[in-house]
2 protein chains.
Amino acid sequence: MSVSEDAGGRPRPPDVYAADCPSRLVLEHVTSRWGVLVLAELLDGTHRFSELRRAVGGVSEKMLAQTLQTLERDGFVHREAHPVIPPRVDYSLTPVGEEAARQVWALARWAEDRVPTVFAAREAYDREKAARPRV
Amino acid sequence: MSVSEDAGGRPRPPDVYAADCPSRLVLEHVTSRWGVLVLAELLDGTHRFSELRRAVGGVSEKMLAQTLQTLERDGFVHREAHPVIPPRVDYSLTPVGEEAARQVWALARWAEDRVPTVFAAREAYDREKAARPRV
DNA sequence: CTGTATCCTCGTTGATACTG
DNA sequence: CAGTATCAACGAGGATACAG
């Protein structure tokens with residue numbers, strides 16, 4: 001059965017594929033481009049918005065804010081806004097967030113260990129393809 | 001230091017952010033939308049193209065082929081084409097691929113366990129936001 | 001400082017049609 | 001059966017400007 005249609009054959013929005021795999025709805029946030037890096041950084045302790053911006057190189061304000069809001073909504077990140085001027089907002093991991101951070105960090109570590117292997121595989125594959133383009 | 005520029009200040013292509021985090025180059029394939037599902041399915045044993053197409057609901061031929069090629073190139077999946085008519089191609093996990101599959105599967109399981117918690121957090125967040133739109 | 005709003009580009013995806 | 005080619009649409013993401 002296709003995910004693109006329900007029993008009645010009506011089309012579904014593309015992103016509802018995840019309905020068949022609820023874990024993806026959680027995973028896609030913690031494994032997102034900036035989610036991983038933010039979680040990893042917060043594993044180190046509480047950080048301000050601008051600290052995270054610097055620590056996570058290359059992230060735009062928009063994407064950092066969006067990522068933090070998503071993680072906060074999911075209950076992974078705790079946001080504490082201090083009513084001072086200039087504004088100061090501290091971000092930290094919740095218990096569940098720390099769990100998430102450790103999980104993705106472990107996966108990242110595993111991936112990092114396999115980087116040489118994977119890159120070697122890619123080169124071998126590309127070499128093979130170049131040698132016999134049509135087989 | 002921003003990832004968007006190198007030491008000389010020249011702009012870099014957007015996706016080169018990953019250069020600072022090589023593990024992402026591996027992660028983005030195994031944690032991709034269809035990559036997770038394909039790996040999970042192959043954890044079950046060897047499958048043909050059309051079997052995978054059915055098993056992984058909602059995937060288009062194009063994306064399945066693309067996903068399999070990527071995973072093969074990375075050395076996670078072994079592709080065996082039988083020279084028969086009609087064509088028959090078997091896909092299976094390599095040892096490294098099985099490692100990858102187990103890793104992401106473990107993460108998926110963890111995520112699945114947390115789904116109720118996360119969804120509750122989202123509802124609470126949304127309720128809070130609806131109650132005080134501007135604070 | 002900590003965001004929000006807008007515009008705009010670019011990549012990814014899906015549908016469709018076609019080939020070996 | 002197992003893909004490849006092409007096209008169109010969509011959405012994520014970045015740049016910029018501005019607000020609280």
Side-chain angles (χ1 to χ4, degrees), chain A residues 2-5 11-18 24 28-29 31-38 46-73 77 79-91 129 132-135, chain B residues 2-5 11-18 24 28-29 31-38 46-73 77 79-91 129 132-135:
Chain A
S2 169
V3 170
S4 301
E5 304 180 347
R12 288 190 203 167
D15 59 316
V16 180
Y17 75 91
R24 260 212 110 35
E28 67 184 350
H29 292 164
T31 65
S32 73
R33 178 168 178 176
W34 305 115
V36 183
L37 301 174
V38 167
T46 300
H47 287 278
R48 306 182 50 174
F49 186 87
S50 52
E51 287 174 351
L52 287 171
R53 183 135 163 61
R54 272 187 299 274
V56 179
V59 66
S60 63
E61 290 184 353
K62 177 187 162 187
M63 289 314 298
L64 181 56
Q66 193 175 109
T67 301
L68 286 168
Q69 280 173 15
T70 302
L71 293 176
E72 186 197 0
R73 188 168 102 103
V77 162
R79 176 179 184 276
E80 184 138 21
H82 301 94
V84 298
I85 303 235
R88 177 196 178 95
V89 182
D90 287 332
Y91 291 94
K129 283 290 173 185
R132 340 187 202 153
R134 288 274 115 199
V135 179
Chain B
S2 168
V3 169
S4 303
E5 302 180 348
R12 288 190 202 169
D15 59 317
V16 180
Y17 75 93
R24 261 211 105 40
E28 67 184 350
H29 292 165
T31 64
S32 72
R33 177 170 178 176
W34 305 115
V36 184
L37 300 175
V38 167
T46 300
H47 286 279
R48 306 181 53 173
F49 186 86
S50 53
E51 287 174 352
L52 287 172
R53 183 134 163 59
R54 272 188 299 273
V56 180
V59 65
S60 65
E61 290 184 353
K62 177 186 162 188
M63 290 314 298
L64 180 56
Q66 194 176 109
T67 301
L68 285 168
Q69 280 173 16
T70 302
L71 293 176
E72 186 196 359
R73 190 169 100 104
V77 161
R79 177 181 184 275
E80 183 137 21
H82 301 93
V84 297
I85 303 225
R88 177 194 177 96
V89 182
D90 287 332
Y91 291 94
K129 283 290 174 183
R132 341 187 202 152
R134 287 274 115 199
V135 178

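Rounded to a whole Å, the NE2 atom of A:His47 is 17 Å from the C1' atom of C:dT2. Rounded to whole Å, atom P of C:dC1 lies 16 Å from atom CG of A:Leu68. Rounded to whole Å, the distance from CG on B:Leu37 to P on C:dT13 is 13 Å. B:Gln69 places its CD atom 11 Å from the C1' atom of D:dA2, with the value rounded to the nearest Å. As a whole-Å value, the separation of A:Met63 CE from D:dT16 C1' is 16 Å. Rounded to whole Å, the distance from CG on A:Leu64 to P on D:dG13 is 13 Å. Summarising the geometry, the separation between CD on A:Glu80 and C1' on C:dC1 is reported as 17 Å, rounded to the nearest angstrom. Between the CD1 atom of A:Ile85 and the C1' atom of C:dC1 there is a distance of 10 Å, rounded to whole Å.
Side-chain contact between B:Val38 and B:Tyr91 is absent, with no heavy-atom pair separated by less than 4.5 Å. Counting heavy atoms from C-beta outward, A:Leu64 and A:Leu52 have side chains that approach closer than 4.5 Å.
OP1 or OP2 of D:dG14 has at least one side-chain nitrogen or oxygen of A:Trp34 nearer than 4.0 Å. For C:dG3, the OP1/OP2 oxygens have a side-chain nitrogen or oxygen of A:Tyr91 closer than 4.0 Å. Taking side-chain N and O atoms only, A:Arg79 has a distance below 4.0 Å to OP1 or OP2 of C:dG3. Look at B:Arg33 and you'll find a side-chain N or O under 4.0 angstrom from OP1 or OP2 of C:dG14.
Between A:Glu61 and A:Phe49, the shortest heavy-atom contact is O-CZ, 3.9 Å. Between A:Val36 and B:Arg24, the shortest heavy-atom distance links the atoms CG2-NH1, 3.7 Å. A pairwise comparison of heavy atoms in A:Arg79 and A:Val89 identifies CG-CG1, 3.7 Å as the closest pair.
Across all strands, A:Glu51 comes closer than 4.0 Å to no nucleic acid atom at all (heavy-atom distances). A:Arg53 comes within contact range of no nucleotide atom at all, as no heavy-atom separation falls under 4.0 Å.
Mapped onto DNA chain C by nearest heavy atom, A:Glu61 and B:Ser60 fall at different nucleotides, with A:Glu61 at the one closer to the 5' end.
Of the candidates D:dT4, C:dT2, D:dA2, D:dA2 carries the atom nearest the B:Phe49 side chain, counting heavy atoms from C-beta on. Nearest to the side-chain atoms of B:Gln66 among the listed nucleotides D:dG3, D:dC1, C:dT13 stands C:dT13. Considering only side-chain atoms of B:Lys62, the nucleotide from C:dA15, D:dG13, D:dG20 that sits closest is C:dA15.
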